[in-house]
Amino acid sequence: MDIRQLKYFIAVAEEQNIGRAAKRLHISQPPLTRQIQSLENDLGVLLFNRTNWGVNLTQAGETFLVHARNITAHIELAKEQVQLVGHGLAGRIDVGVFGSAMLNIIPQILNSFTETHPEVKVVLHNLSKGRQIEALHQERILIAFERYLPASPGLQIETVCSEPLSVAVNLRNPLARLDSVPVGLLRSEPLIGEADSTAAVKAVFEKYDLGPMIVQKTSDMISAAVMVAGGFGTAIVPDSLKTLQLPNVVYRPLLTEPAQFIKLHCAYRENESSPLLQELLLTVRGYQGTIEAPTK
């Protein structure tokens, strides 16, 4: 028994005439008759009563018709699903995320992706930088997003976008009354910094000699903003962090010369052939590359 015989059987059952069924199937009548007889021999029962006017189903044939339709429907569904997965339009994609980019940029990218790929299940894994790299090598995630991802053998790292830096300031701080904050004014400020700062923030600290003023260190920029809310200091953060509304915190553009940008990266395995990854990368690469820097 094969899928072709099931389709032949369904056609004959619906047409109740082997000649009409053969015409519908675009084959001649003798091979169709032989296939039906072969199917009956395999099952060991008669599926049709033959009459001078055509054929009609036996009780066994009526039972078999229900199963035949279910089987062919499942096979067609499997075929469609396999084709969708093969073209990156269905399946599951595991994504590593961490930190402030989850407040704005990554949701925009994933929303665009799921809008055009509704059959794909996106599963997020909140992993720190080191754990993201480990999960990629262990094939537990397909792609990772982070502000800073160190180079690692076998991994490809791409820049997703760049955005300007802002300053998270407590409302009690006089800097909160400014429309923007020149970087020189931060020299007298107690600063909150990440324990593992991004290249852009490090460059600002080093160029303007702000390092000695770091009074608190945090694991991520969201935690830094929370500490600003508590009055522990001021923090240099990505512009997109301003979507995080906290009591007593305002965000002001940071003015530097030249303008400093902070980058968001994604990483994936160099030899990864998943169509899902390629589809997501198309969305990532279509994202706006750089947000305009503030001007004086």
Side-chain angles (χ1 to χ4, degrees), residues 1-96 109-125 135-143 268-284 286:
M1 184 192 310
D2 56 35
I3 185 63
R4 183 183 58 174
Q5 286 180 319
L6 293 180
K7 290 181 177 180
Y8 286 177
F9 165 73
I10 292 171
V12 173
E14 291 176 348
E15 296 294 338
Q16 296 185 337
N17 184 283
I18 292 180
R20 288 197 300 268
K23 186 175 180 180
R24 167 176 157 181
L25 295 167
H26 305 291
I27 62 174
S28 59
Q29 186 171 333
L32 177 57
T33 300
R34 288 195 295 271
Q35 289 294 331
I36 295 299
Q37 290 173 342
S38 175
L39 182 60
E40 290 178 320
N41 289 335
D42 286 344
L43 294 172
V45 296
L46 285 177
L47 298 172
F48 294 101
N49 292 314
R50 279 73 172 174
T51 69
N52 294 331
W53 301 276
V55 296
N56 55 66
L57 289 168
T58 63
Q59 187 173 356
E62 290 176 355
T63 300
F64 188 65
L65 179 60
V66 174
H67 292 290
R69 283 172 171 163
N70 287 337
I71 292 169
T72 54
H74 280 297
I75 290 175
E76 288 301 315
L77 178 61
K79 180 180 177 181
E80 291 175 8
Q81 288 294 314
V82 167
Q83 289 174 340
L84 287 172
V85 172
H87 290 92
L89 300 175
R92 167 175 167 153
I93 184 166
D94 290 83
V95 179
I109 292 172
L110 296 181
N111 182 67
S112 295
F113 178 73
T114 55
E115 186 175 8
T116 55
H117 298 74
E119 298 298 321
V120 176
K121 181 179 181 181
V122 178
V123 180
L124 301 183
H125 301 263
L136 280 169
H137 284 300
Q138 294 177 349
E139 300 187 7
R140 290 188 287 114
I141 60 175
L142 202 55
I143 190 170
Y268 52 90
R269 290 180 293 277
E270 290 179 346
N271 60 352
E272 180 57 61
S273 60
S274 167
L276 281 173
L277 174 63
Q278 301 309 315
E279 288 294 309
L280 180 55
L281 287 175
L282 287 176
T283 303
V284 169

Exercise. Mind running side chain to side chain contact (heavy atoms under 4.5 Å, CB included) on Asn49 and Val55 for me, showing each step along the way?
Key: CA-CA 6 Å; Asn49 292 314; Val55 296; over 6 Å; no

Practice problem: Evaluate side chain to side chain contact (heavy atoms under 4.5 Å, CB included) for Arg269 paired with His137, printing each intermediate quantity in order. | Solution: CA-CA 7 Å; Arg269 290 180 293 277; His137 284 300; 5.8 Å; no

Quiz item: Does the side chain to side chain contact (heavy atoms under 4.5 Å, CB included) test come out yes or no for Asn56 and Thr51, once each step is laid out?
Solution: CA-CA 8 Å; Asn56 55 66; Thr51 69; 3.9 Å; yes

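Gln5 has its side chain within reach of Asp2: a pair of non-hydrogen atoms, C-beta onward, lies under 4.5 Å apart. Taking 4.5 Å as the limit, every side-chain heavy atom of Leu65 sits out of range of all side-chain heavy atoms of Glu62. Looking at heavy atoms from C-beta onward, Leu6 lies in side-chain contact with Met1 at the 4.5 angstrom threshold. Side-chain contact between Asp94 and His125 is present, with at least one heavy-atom pair separated by less than 4.5 Å. Between Leu280 and Gln278, the closest side-chain pair of non-hydrogen atoms is not below 4.5 Å. Here the side chains of Val123 and Ile93 are not in contact, with every heavy-atom distance at 4.5 Å or above. Between Val95 and Ile141, the closest side-chain pair of non-hydrogen atoms is not below 4.5 Å. Under the 4.5 Å side-chain criterion, counting only non-hydrogen atoms from C-beta, Ile36 is not in contact with Ile18.
Rounding to the nearest 0.5 Å places CG of Leu277 at 4.5 Å from CG of Leu142. Summarising the geometry, atom OH belonging to Tyr8 is positioned 6.5 Å from atom CG belonging to Leu25; distances are rounded to the nearest 0.5 Å. Taken to the nearest 0.5 Å, the CG atom of Asn17 stands 7.5 Å off from the CD atom of Gln29. To the nearest 0.5 Å, atoms CD1 (Ile75) and CD1 (Ile3) are separated by 3.5 Å. To the nearest 0.5 angstrom, Leu47 atom CG is 5.0 Å from Phe9 atom CZ.
Between Glu40 and Arg50 a salt bridge is recorded (basic side-chain N to carboxylate O distance below 4.0 Å). Between Arg24 and Glu14, at least one side-chain N (NZ, or NE/NH1/NH2) sits under 4.0 Å from a carboxylate O, which counts as a salt bridge. For the pair Arg92 and Glu119, the salt-bridge criterion is not met [side-chain N within less than 4.0 Å of a carboxylate O].
Atom CD of Gln138 has more than 12 heavy atoms from other residues, nucleotides or ligands within 6.0 Å. At most 12 non-hydrogen atoms from other residues, nucleotides or ligands lie less than 6.0 angstrom from CD of Gln59.
Nearest heavy-atom pair across Thr283 and Phe113 is OG1-CD1, 3.7 Å. Tyr268 approaches Leu136 most closely through the heavy-atom pair CA-CD2, 4.2 Å. Taking each heavy atom of Ser274 and Glu272 in turn, the nearest pair found is N-OE2, 3.0 Å. The two residues Leu281 and Ile143 make their nearest non-hydrogen contact at CD2-CD1, 3.9 Å.
A side-chain contact (heavy atoms from CB on, under 4.5 Å) with Phe64 holds for exactly one of Leu57, Leu39, Ile10; it is Leu39.
Formation of a donor-acceptor pair under 3.5 Å by the Ser38 side chain with backbone atoms of Arg34 is not found in this model.
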